[in-house]
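Residue numbering restarts at 1 for every chain, and letters A, B, ... go by the order of the sequence lines.
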Number of protein chains: 2
Amino acid sequence: MSIVDDRLPRYQRLRDLIAADIAAQRWAPGQTIPSEAELASIHGVAVGTVRHAIDVLVGEGLVTRVHGRGTFVRRPAFDQSLLRCLRIPELEPGAKPVLISRILERASLKASPEVAERLELPVGTDCIRLVRQKLVERRVLRGEEIWLPKARFAPLLTVELASIGHDLYPAFERLCGQLVATAEESLTAEAIGAEHATLAGVATGQPVVVIDRLTRGYDRQPLEWRRVRAPASAFHFRREIR
Amino acid sequence: MSIVDDRLPRYQRLRDLIAADIAAQRWAPGQTIPSEAELASIHGVAVGTVRHAIDVLVGEGLVTRVHGRGTFVRRPAFDQSLLRCLRIPELEPGAKPVLISRILERASLKASPEVAERLELPVGTDCIRLVRQKLVERRVLRGEEIWLPKARFAPLLTVELASIGHDLYPAFERLCGQLVATAEESLTAEAIGAEHATLAGVATGQPVVVIDRLTRGYDRQPLEWRRVRAPASAFHFRREIR
DNA sequence: CTCCATCAATCATCTAGAGGAGTGAATGGA
DNA sequence: TCCATTCACTCCTCTAGATGATTGATGGAG
């Protein structure tokens, strides 16, 4: 797949080798990779060079170091998702709100040109479409339309809806063996059309934020395309510029 | 101001020292700091430790390294601003659109509770309020309301409006000697009220994005609080999650 | 059983170098 | 004048260690 370029510095080549091993799931997410001393002796370089390579991987978010324990393959940080910028209404002070999800539709469909482009598939490829709401205490937090390539996610069509659960990514892993590695998100806002208003839980014409998410596996292929609509009033995003 | 903590590792202390010198404008933005070898001999540490300290500063965006030339004090990257996510309508293909700004109001006012909180000033402190539009070929791109502490920005009240120019931050520097170091931005969306619709160039009730920006100087004090409204249809933001 | 000291494994910090590679200015010949 | 070479300066890569800090497991004392 990815050939290591001899002209690169050693720490870069080492980074590529380790990254390839992670991609090949040689070490599962949450588990440690070999210790720095081990990697140094395996690859015949100094520990400093191994540290440099791992520094790069840490910067890229592929691994995390824990002092005294080891270096761990990291799961992607979905707590940084734009979806986390949707304020959850606090019903009772102190009570932890419970997020429920309700799947309203599940169907096998052919990829439209738009879906095909997003999922990087030929038009007409078999796909799965899920329509889902996220709820907090019976109130709609957001509405979601999800597209998945059927080839990878066929089990989702046949299992009981209840067994999918409220979080999709664990289900991807449990039922279909698909691990999420990265995601790209984009954000726009619009006045919601009648066709989406009910799903998002707002009145037609109200302002909503539209969050698109494309998740990719460790092989960099698209796994899921999702379009989310939520009331604009609930959305608040912050960032720092330096 | 900031006391260097002896318990911290050397590279961290060194980072703090260098950062303090940058904050004190000992080296101007765009200029080099002393070479790694020099810093090592000045502070009596190994070059590796200096490199580590500078690695941290690079990660924080305070400096940039250029191979063979030196390490430079960096200006903040405002090309990452959310304001850059506003699509500029392309009127003629190939033609580079010209951004014009028009100051509609300029006044000296007392800080309201909200303004005071944002600028971290006592309520009632003298401030300057600017109301401004950004235009592309006579079309409104966004509307802005800007608050500045009068103590730092008094010259802006008396100069000719034309001499402020289209970009605010160069004017801050040129006319008031104020350098922008960092900014915090936040984003929400709403249906625009009648009081802001004209400024933002949209009809009342249309969806707009609201971008708040607080800029700070190298002394970490707030310099400017700005609230921007722009048509939601023009806004598009992307990010990657790893 | 609980608490605490010990210990091995692991990452973190730091040193002191050698040699490589990119940059820009000075130099000198065509 | 123009261009290639040289050279000093800078950051970059890499080595081979020593020592410190953190963690989790183990085993003994109370």
Side-chain angles (χ1 to χ4, degrees), chain A residues 4-19 21-22 26-75 77, chain B residues 3-22 26-75 77:
Chain A
V4 175
D5 190 335
D6 279 14
R7 294 164 302 180
L8 257 35
R10 281 196 214 198
Y11 77 92
Q12 282 286 5
R13 282 180 280 168
L14 187 50
R15 184 226 85 102
D16 290 349
L17 288 172
I18 299 172
D21 276 342
I22 291 173
R26 177 166 170 183
W27 311 297
Q31 295 203 310
T32 62
I33 67 174
S35 77
E36 296 174 352
E38 247 174 293
L39 286 168
S41 82
I42 289 170
H43 294 95
V45 298
V47 178
T49 307
V50 174
R51 279 191 68 76
H52 197 167
I54 295 180
D55 281 345
V56 175
L57 290 168
V58 169
E60 293 174 338
L62 276 170
V63 299
T64 319
R65 277 202 264 240
V66 182
H67 192 158
R69 291 218 288 140
T71 303
F72 295 77
V73 178
R74 186 166 157 273
R75 286 173 186 277
Chain B
I3 295 148
V4 174
D5 190 335
D6 279 13
R7 295 165 302 179
L8 258 35
R10 283 198 210 195
Y11 77 94
Q12 281 286 4
R13 282 180 281 169
L14 187 51
R15 185 228 83 100
D16 289 350
L17 288 171
I18 299 172
D21 276 343
I22 291 172
R26 177 166 170 185
W27 311 296
Q31 295 203 311
T32 61
I33 67 174
S35 77
E36 295 174 353
E38 247 175 294
L39 287 168
S41 82
I42 289 170
H43 294 96
V45 298
V47 178
T49 307
V50 174
R51 278 190 66 76
H52 197 167
I54 296 180
D55 281 344
V56 176
L57 290 169
V58 169
E60 293 174 338
L62 276 170
V63 299
T64 319
R65 279 203 262 238
V66 183
H67 192 161
R69 292 218 288 140
T71 303
F72 296 77
V73 179
R74 185 166 157 274
R75 286 173 185 279

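- Spacing between atom CD of B:Q12 and atom P of D:dA21 amounts to 15 Å, rounded to whole angstrom units.
- Heavy atoms of B:V45 sit under 4.0 angstrom from primed sugar atoms or phosphate atoms, though from no base atom.
- Rounded to an integer number of Å, the gap from CG of A:D55 to P of C:dA12 is 8 Å.
- If you take CG of A:L8 and P of C:dG20, they are 18 Å apart, rounded to a whole angstrom.
- Within the 4.0 angstrom heavy-atom criterion, base atoms lie near A:R51.
- Using a 4.0 Å heavy-atom distance criterion, A:V47 is classed as making no nucleic acid contact.
- Look at CD on A:E36: it is 17 Å from P on D:dG17, rounded to the nearest Å.
- A distance of 13.0 Å separates CZ in B:R15 from CG in B:D55, rounded to the nearest 0.5 Å.
- To the nearest 0.5 angstrom, B:R13 atom CZ is 9.0 Å from B:L17 atom CG.
- A straight line from CZ of A:F72 to C1' of C:dC11 spans 11 Å, rounded to a whole angstrom.
- Taking atom CD on A:E38 and atom C1' on C:dA8, their separation rounds to 14 Å, with Å as the unit.
- Regarding contacts with the backbone of C:dA9, every side-chain N or O of A:R69 stays at 4.0 angstrom or more from both OP1 and OP2.
- Both A:G68 and A:Y11 lie close to DNA chain D; mapped to their nearest nucleotides by heavy-atom distance, the more 5′-ward contact belongs to A:Y11.
- The distance from atom CG of A:L14 to atom P of D:dT13 is 14 Å, rounded to the nearest whole Å.
- Side-chain nitrogen and oxygen atoms of B:R10 include at least one within less than 4.0 Å of the OP1 or OP2 phosphate oxygen of C:dT15.
- The distance from atom CD1 of A:I18 to atom CG of A:L14, rounded to the nearest 0.5 Å, is 4.0 Å.
- Between B:T49 and C:dT13 there is no side-chain N or O to OP1 or OP2 distance below 4.0 Å.
- Counting atom types as modelled, A:H67 pairs no side-chain N or O with a base atom of C:dA12 as donor and acceptor under 3.5 Å.
- Residue contacts for A:T32: at a heavy-atom cut-off of 4.0 Å it reaches no nucleic acid atom on any strand shown.
- Distance, B:R65 CZ to D:dC9 C1': 16 Å, rounded to whole Å.
- Summarising the geometry, atom OG1 belonging to B:T71 is positioned 8.5 Å from atom CZ belonging to B:R51; distances are rounded to the nearest 0.5 Å.
- Going from atom CZ of A:R65 over to atom CG of A:L57 covers 9.0 Å, rounded to the nearest 0.5 Å.
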